[in-house]
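Below is one structure, written out as structure tokens; comments come after it.
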Amino acid sequence: MEPARQLRRLVTGYQVTQALHVVATLGISDALACGPRDADELAQATSTHAPTLRRLMRALEGIGIYRSDDEGRYANTELGELLRSDLSGSLLGWAAFVGRPPQWQAWAALNDSVRTGANAFQSVHGMAVWEYHRQRPEERETFDRAMTSISGMIAQGVVDSYDFSRFGTIVDVGGGAGKLLVTILARYPDAHGVLFDQPEVVAAAPPMLVEADVSHRCEVVGGSFFEALPAGGDAYLLKSIIHDWPDAESIEILRRCRRAMRDDATLLLVEQLIGQGPDPVLTAFSDLNMLVGPGGQERTLDEYAALFEASGFILSGAIETGTQVFVVEATPQAS
């Protein structure tokens with residue numbers, strides 16, 4: 001592809017993001033789960049305008065999300081299947097989240113963040129993303145579904161790559177609806193879990209726990225990781241938590257973990273590492289997303305080691321999972 005055309009595609013990438021957001025919120029891939037349908041049938045199923053929907057489908061067919069036959073019927077491709085709500089590893093929740101106005105408006109202020117170092121979301125909306133979600137339950141629910149979607153992408157890789165068998169009780173700190181913890185408990189039938197997150201977040205967990213038949217082995221606890229954490233776990237697991245926060249808050253969260261932990265317990269962070277993993281470019285843009293959204297950052301392994309030292313831990317190592325994330329392991333410094 002000639003450079004100008006390639007650059008133009010990159011420059012207009014936001015159009016792809018929004019088109020994917022629309023079909024995610026409409027449930028187009030779900031509507032195609034049972035077989036091909038033409039634009040009129042899809043429009044009836046999704047309460048949309050058929051001629052305009054046909055234009056949207058044509059664009060997404062061009063980038064490999066859907067395909068059409070000679071009769072004008074559309075079907076999911078392998079990529080389109082990943083926008084179904086009923087499949088493991090679905091990115092539906094993430095696609096529905098990133099196209100929401102609060103995220104777009106924050107990204108529009110990236111220039112200001114680069115110039116000043118300030119968090120774009122705070123600058124645009126006048127409050128941190130967490131307070132914004134607290135005041136707007138519908139935005140929090142969309143965000144929570146996005147996080148469950150991302151967890152579904154990496155959960156199997158984490159379980160396949162890291163041995164959790166030595167842990168009797170695993171405390172999942174900031175574990176959302178419990179997707180990663182459920183996957184671990186399903187693999188290790190002798191393990192018990194504690195799912196810890198804000199009360200309104202963990203309220204969504206019971207159906208997933210029941211469906212996986214692990215509810216009898218998992219305690220659900222509401223609270224804040226800036227306050228006291230459940231004590232006595234063998235492992236404290238934090239997936240995509242520390243990258244949300246600047247250094248000072250990250251150290252405080254880790255110190256709260258250390259206070260809850262025995263000297264022989266293990267700390268496990270599931271995070272991306274700058275410059276590592278199968279797609280370093282994806283991690284680099286995730287780092288920008290942390291700048292624009294929650295105000296944190298992706299880090300190198302050395303930067304995590306520094307956070308550990310400041311909060312009472314010693315880095316043990318990082319285990320590849322075959323996904324974008326690593327399991328970064330640390331042990332408590334002696335009391």
Gap between atom [atom2] of [Y] and atom [atom1] of [X] - 0.5 Å precision:
X    : Y    : atom1 : atom2 : value
F326 : I154 : CZ    : CD1   : 12.5 Å
T169 : Y236 : OG1   : OH    : 9.0 Å
L60  : T77  : CG    : OG1   : 9.5 Å
T148 : M208 : OG1   : CE    : 5.0 Å
T331 : D264 : OG1   : CG    : 10.5 Å

Donor-acceptor check, side chain of [X] to backbone of [Y], threshold 3.5 angstrom: yes or no?
X    : Y    : result
S161 : V158 : no
R255 : G312 : no
D287 : Q297 : no
E271 : H243 : yes
T300 : E303 : yes
R67  : N76  : yes
S68  : G72  : no
R37  : A31  : yes

Which atom pairs, donor and acceptor, lie under 3.5 Å between side-chain atoms of residues 116-128 and protein residues at least two apart or in another chain?
residue : atom : partner : partner atom : Å
T116    : OG1  : D112    : O            : 2.8
T116    : OG1  : A118    : N            : 3.1
N119    : OD1  : Q122    : N            : 3.0
N119    : ND2  : L291    : O            : 2.8
N119    : ND2  : V292    : O            : 3.2
N119    : ND2  : G293    : O            : 2.9
Q122    : OE1  : A128    : N            : 3.0
S123    : OG   : N119    : O            : 3.0
H125    : NE2  : P102    : O            : 3.2

So that I can tick it off, tell me whether [Y] and [X] are bridged by a salt bridge, with the cut-off set at under 4.0 angstrom between side-chain N and carboxylate O.
X    : Y    : result
R58  : E61  : no
R54  : D38  : no
R136 : E200 : no

- Query: Only one of Q276, E298, Q324 forms a side chain to side chain donor-acceptor pair (under 3.5 Å) with T283, so which one is it?
  - Reply: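 When Q276, E298, Q324 are each tested with T283, the side chain to side chain donor-acceptor pair (under 3.5 Å) holds only for Q324.
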
Output a table of donor-acceptor pairs, distance under 3.5 Å, between side-chain atoms of residues 174-198 and any protein atom two or more places apart or on a different chain; print 'none' if there are none.
residue : atom : partner : partner atom : Å
T183    : OG1  : K179    : O            : 2.9
R187    : NH2  : D160    : OD1          : 2.5
Y188    : OH   : F164    : N            : 3.3
D197    : OD2  : G175    : N            : 3.4
D197    : OD2  : G176    : N            : 2.8

- Message: For D40 and R73: C-alpha separation, side-chain torsions, deciding distance, then whether salt bridge (charged side-chain N to carboxylate O under 4.0 Å, His left out) applies.
- Response: CA-CA 9 Å; D40 292 325; R73 296 178 302 176; over 6 Å; no

Can you see whether [X] engages [Y] through a side-chain donor-acceptor pair at a distance of less than 3.5 angstrom?
X    : Y    : answer
Q135 : E131 : yes
N289 : W107 : yes
D163 : S165 : yes

- Query: Counting only heavy atoms not in R8, do more than 12 sit closer than 6.0 Å to its CZ atom?
  - Reply: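 Open: at most 12 neighbouring heavy atoms sit under 6.0 Å from CZ of R8.
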
- Any side-chain heavy atom of T17 sitting closer than 4.5 Å to one from W104? yes

- Any L254 side-chain heavy atom under 4.5 Å of L269 side chain: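 Counting from C-beta outward, L254 and L269 do come under 4.5 Å.
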
Compile the donor-acceptor pairs under 3.5 Å between side chains in residues 83-100 and protein atoms, sequence neighbours left out, one pair per line.
residue : atom : partner : partner atom : Å
R84     : NE   : D86     : OD1          : 3.0
R84     : NH1  : E81     : OE1          : 3.0
R84     : NH2  : D86     : OD1          : 3.3
R84     : NH2  : D86     : OD2          : 2.8
S85     : OG   : D30     : OD1          : 3.4
S85     : OG   : D30     : OD2          : 2.7
S90     : OG   : L82     : O            : 3.2
S90     : OG   : R84     : O            : 2.5
S90     : OG   : L92     : N            : 3.0
R100    : NE   : E139    : OE1          : 3.4
R100    : NE   : E139    : OE2          : 3.4
R100    : NH2  : E139    : OE2          : 2.5

